[in-house]
Trainee: 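Mind looking over this structure? Questions follow.
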Amino acid sequence: MSKMYITPSSKIVALENVNLQIQQGDIFGIIGFSGAGKSTLIRCLNRLEEPDSGKIVIAGQEITAMNKKELQLARRKIGMIFQQFNLLDAKTVFENVAFPLQVSNYPKKQIKTRVEEILELVGLANKSKAYPLQLSGGQKQRVGIARALSNEPSVLLSDEATSALDPQTTYSILELLKDINQKLGLTIVLITHELDVLKHICNHMAVIEHGKIVETGVVEKFFLNPESDTAKRFISILQGFQEKRVYKEGEGI
Amino acid sequence: MNDDVLELLFTGLGETLYMVLLSTLIALILGLPLGIILVATEKGNILESPRINKVLGTIINVVRSFPSIILIVVLLPLARFIVGTTLGATAAIVPLSIGAAPFIARIIENSLKEVSFGKIEAAMAIGANPLTIITKVLIPEALPSLIRGLTIAVIGITGMTAVAGAIGAGGLGSLAIRFGYMRYRDDIMLATIITLVILVQGVQLAGDYLATYINRKRYKFD
Ligand SMILES: Nc1ncnc2c1ncn2[C@@H]1O[C@H](COP(=O)(O)OP(=O)(O)OP(=O)(O)O)[C@@H](O)[C@H]1O
Ligand SMILES: [Mg+2]
């Protein structure tokens, strides 16, 4: 798959011959430096961004071959969470989570039960009447996750869902995703530039560099035997940081 | 102030309110869809269509460049066609509505554009169709701002009714011209001005109150 952005001043090749296969039920991490094309890639998966060429298949359906109507139907089974949450401020937590269900013509009588169930799962049962502006960042992202999951999607796309959160909240959100992955058997594709996130929940990963996939495999390999430039740099930054810290700690004695 | 002045004032106020209310209503019915189309057909938006956007934008700009008195005069024949006369408050509603519709369309466009595109994308990502996005996302999210914008529009239309009043539409504007100005009745002039000031204040206060009330509910103090 390829994608080019054409701006008045230049053409930017954001993705070049990207070829990825993600197993059902996997938690798949995509890592890369800023501007590498991570967001573009994940946004192409549900066609918030139109790929220029190539094919996207999710759960046996060819997303790229769909017309508008078909795409709308397919998107109802692809959940997405955003770095900036993108919750609707005019709606309560309950209404935000119910929105995808209404859009999908979920049986009216079951909406309430389903929303309560999913709010329970993300630990926000007591906040259902609150408005997003009354919540903390971590709570907002839980609502985002609840909204993405309410219509029982087969895939969850996550673009830096935890980048706006503190480490502790990040950890609890990651635990939640892991939990959901195990409970519901949901495939999760997540983008990050934090190694901790990768280490914590991903099984497989891909490294993206200047719009190209330069390395894929199980997460352990990334840490033990990094091949690509990006991976090596990530690891060396991490090691450099650790060494410095050890040195500093030793200095005091 | 004697009784006939009061009576004149009441009749004038009644006519003005009648013109303002109906003109706003009709202008809103015309302007709201136009404002929505302006936003939805923008590049990258839910119903992207550069051509429609361009044509509509140009028409709106053309109508808006008419000074309101000229627009009213130009549109009076249309009033004759629709309501059968060019005199009186009802006749004035025709040019007032048409004159105000593009103004309202721009105000609505502005408010709707304040809604962050991320929210629209989130709605697209759950498979919402454009109509759902407009009615369930764009309008509710922009509501406080829409109300503030409409407040400005109502006050603008109140001003336009005074202009229409000068050429035979009745209302407070005509009172000020016919008595206050032409017959040197300073008391009537003063009374109409005070009434207009109170009217405009009232509209502004009501608009502010409503917008703040909604914001409070969403806990977004401003
Ligand atoms: N709408 C756009 N128009 C033009 N160029 C764009 C657009 N969106 C992204 N790009 C360009 O495409 C490239 C990839 O951007 P992308 O947002 O996918 O990066 P990223 O890996 O998600 O980075 P970050 O970690 O900072 O979020 C960048 O060079 C960026 O400038
Ligand atoms: Mg990004």
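A note on names: the letters A, B, ... follow the listed sequences, proteins ahead of strands, and every chain is numbered from 1.
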Trainee: In terms of heavy-atom pairs under 4.5 Å with chain B, which of A/Leu88, A/Val103, A/Ile81 leads?
Mentor: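 Counting heavy-atom pairs under 4.5 Å, the top option is A/Leu88.
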
Trainee: Which heavy-atom pair separates A/Gln141 from A/Phe85 by the least distance, and what is that distance?
Mentor: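 Scanning both residues, the minimum pair turns out to be NE2-CD2, 3.4 Å.
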
Trainee: Please flag which part of A/Ile78 lies under 4.5 Å from any non-hydrogen atom of chain B: side chain, backbone, both or neither.
Mentor: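 The backbone, not the side chain.
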
Trainee: Side chains of B/Asn61 and B/Arg106: any donor to acceptor distance under 3.5 Å?
Mentor: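 Checked: B/Arg106/B/Asn61 side chains pair up, N/O donor to acceptor below 3.5 Å.
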
Trainee: Under 3.5 Å, is there a donor on one side chain and an acceptor on the other for B/Asp208 and B/Gln204?
Mentor: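 The criterion, which ignores hydrogens and geometry beyond distance, is satisfied for B/Gln204 and B/Asp208.
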
Trainee: Report which part of A/Leu73 has an atom under 4.5 Å of a heavy atom belonging to chain B: side chain, backbone, both, or neither.
Mentor: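 For A/Leu73, no heavy atom lies under 4.5 Å from chain B.
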
Trainee: Is chain B contacted by the side chain of A/Phe99, its backbone, both, or neither, given a heavy-atom distance below 4.5 Å?
Mentor: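 Both backbone and side chain.
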
Trainee: Give a yes-or-no answer on whether the side chains of B/Thr132 and B/Asn129 include a donor-acceptor pair shorter than 3.5 Å.
Mentor: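 Yes.
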
Trainee: Examine the side chains of A/Arg142 and A/Ser172 and answer whether a donor and an acceptor come within less than 3.5 Å of each other.
Mentor: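 Side-chain D/A pair, A/Arg142 to A/Ser172: present.
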
Trainee: Quick check for you: among A/Gln84, A/Arg47, A/Lys91, A/Lys69, which has the greatest number of heavy-atom pairs under 4.5 Å with chain B?
Mentor: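 Heavy-atom pairs under 4.5 Å are most numerous for A/Lys91.
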
Trainee: Which bit of A/Arg43 comes within less than 4.5 Å of chain B, counting heavy atoms only: side chain, backbone, both or neither?
Mentor: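 For A/Arg43, the contact with chain B is made by the side chain alone.
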
